[in-house]
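Structure first, commentary second.
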Amino acid sequence: MRAGIWGMGKYVPEHVVTNIDLEKKVDTNDEWIRTRTGIEERRIASDDIDTSHMSYFASVDALEKAGIHPEELDMIIVATVTPDQTFPSVSSMLQQQLGAKKAAAMDVSAACAGFMYGLVTGKQFIESGTYKHVLVVGTEKLSKIVDWNDRNTAVLFGDGSGAAVLGPVEGDNGILSFELGSDGAGGNHIRMEDHLMMNGREVFKFAVRQMGESALNVVHKAGLVKEDVDFLVPHQANIRIMEAARQRLDLPIERMSKTVDRYGNTSSASIPLSLVHELENGKIKDGDVVVLVGFGAGLVWGAVAMKWGK
Ligand code: UT7
């Protein structure tokens, strides 16, 4: 018996901040941002909306799509580096807000690979027969930790939340293989001081290599070849990094998810937000082999190959 995704949901704040808006705040320009990152606009949450609120909205959507009542949830895993506060965890807040009375709750800290870590953790509980329904949320309010005067980072990030209800699935559907990893030696390259600090060029080099490698590894671990892959959903950090992963799998451009243009880099939310986007567009269908791959501060990475369907 394998674990798979029963239903997904998303939430993004209404407020759109375009590259042109940012030109007025920092020394940057639309052309530089578009060509170097692929980002055109991002969503920024208002002061009264924090990470837990966005998580709640995305989770209600996911539960509805999965046809599951909150009281049926056995566990809630929230991947975030921008919790409302250090503790209580966002997952415990969410458990209370949803009324998920019997659910265990924990947060996972693995930055932009957080959703991958959450997904793989949830899978273990389901496939061991311990739990039946696990809610995994990737959620960030990065706008509260970004230095809005630093053009190296201010143009990159956005806010949002994506959620998935995991459960046992039939036949050969579900999560086929995974890879998780960490290289703490690169910890200095993205770190939290007073604000988010990043050595973009070093992260870029790591990401270009690791994304393609991990994507290919999970394909092989699943006993597949790259020609079997129907769709790639990479972490939406930078279109140039995503392109490197796509080329490594020899996939045509229309079979890679791209939401970085409209949401920017939403860290742990980027992969679930992209999945929901592609499900809504009908690009991902039952029976498709889908590869998810992410990387981020740690440095960490994670990838999953799955066959879509319940
Ligand atoms: O989710 C994981 C989190 N992090 C990432 O994924 C980031 C990975 N890295 C990247 O995506 C890229 O390295 C960046 C988009 C951050 C930067 O792109 P780059 O092609 O590596 O540019 P660079 O850092 O080498 O900078 C090139 C030039 C510099 O000017 P000089 O020194 O050549 O005169 C920068 O000062 O671009 C300048 N620059 C900007 N110019 C206009 C840096 N940021 C900006 C900006 N607007 N916002």
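Side chains included, hydrogens not; waters and symmetry mates left out as well; all remaining heavy atoms used. In what follows, residues are counted from 1 in the order of the sequence shown. All ligand and atom numbering here is 1-based and tracks the order in the structure. This structure is a prediction, so every number in the text was calculated from the model and none was measured.
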For ligand 1, which atoms, with element, lie under 4.0 Å from some heavy atom of [X]?
| X | value |
| --- | --- |
| Asn238 | 10 (C), 11 (O), 12 (C), 15 (C) |
| Ala237 | 1 (O), 6 (O) |
| Arg36 | 19 (P), 20 (O), 22 (O), 27 (C) |
| Arg240 | 18 (O), 20 (O) |
| Asn265 | 1 (O), 2 (C), 3 (C) |
| Cys112 | 1 (O), 2 (C) |
| Val155 | 48 (N) |

*Aromatic centroids of His235 and Phe295 separated by under 6.0 Å*: yes
*State yes or no: are the ring centers of His133 and Trp6 separated by less than 6.0 Å?*
yes
Quick check on [atom] - does any protein heavy atom sit closer than 4.0 Å to it?
| atom | result |
| --- | --- |
| atom 11 (O) of ligand 1 | yes |
| atom 47 (N) of ligand 1 | yes |
| atom 37 (O) of ligand 1 | yes |
| atom 25 (O) of ligand 1 | yes |

_NZ on Lys221 to CG on Leu216, rounded to 0.5 Å_ = 12.0 Å
*Supply the atom-to-atom distance Met54 CE to Thr139 OG1, rounded to the nearest 0.5 angstrom.*
5.0 Å
*Does a donor on one side chain and an acceptor on the other come within less than 3.5 Å for Thr259 and Ser274?*
yes
What protein heavy atom sits nearest [atom], and how far off is it?
| atom | value |
| --- | --- |
| atom 23 (P) of ligand 1 | Arg201 NH2, 3.6 Å |
| atom 43 (C) of ligand 1 | Asn152 OD1, 3.3 Å |
| atom 39 (N) of ligand 1 | Trp32 CZ2, 3.4 Å |

*Does Leu232 share a hydrophobic cluster with Ile284, counting links as ILVMFWY side-chain heavy atoms below 4.5 Å and allowing steps through other members?*
no
*asked:* So for ligand 1, is Asn29 a polar contact partner (N or O within less than 3.5 Å, distance only)?
replied: no
*asked:* When you compare ligand 1 with Gly296, is there at least one nitrogen or oxygen pair between them that comes in under 3.5 angstrom?
replied: no
*asked:* Could you check whether any side-chain N or O of Ser91 sits under 3.5 Å from a backbone N or O of Met106, counting only pairs where one atom can act as donor and the other as acceptor?
replied: yes
*Sidechain-backbone polar pair: Arg43 side chain, Tyr11 backbone, donor-acceptor under 3.5 Å*: no
*Any ion pair linking Asp74 and Lys102 (charged N to carboxylate O, less than 4.0 Å)?*
yes
*Decide, yes or no, whether a salt bridge links Glu71 with Lys101 under the criterion of side-chain N to carboxylate O below 4.0 Å.*
yes
*Taking atom 5 (C) of ligand 1 as the point of reference, which of His235, Arg151, Met198 owns the nearest heavy atom?*
Met198
*Between Thr28 and ligand 1, which residue portion shows a heavy-atom distance shorter than 4.0 Å: side chain, backbone, both, or neither?*
both
*Relative to ligand 1, is Ile190 under 4.0 angstrom through side chain, backbone, both or neither, heavy atoms considered?*
side chain
*asked:* If you define the side chain from C-beta out and look only at heavy atoms, does anything of Leu166 sit under 4.5 Å from Ile5?
replied: yes
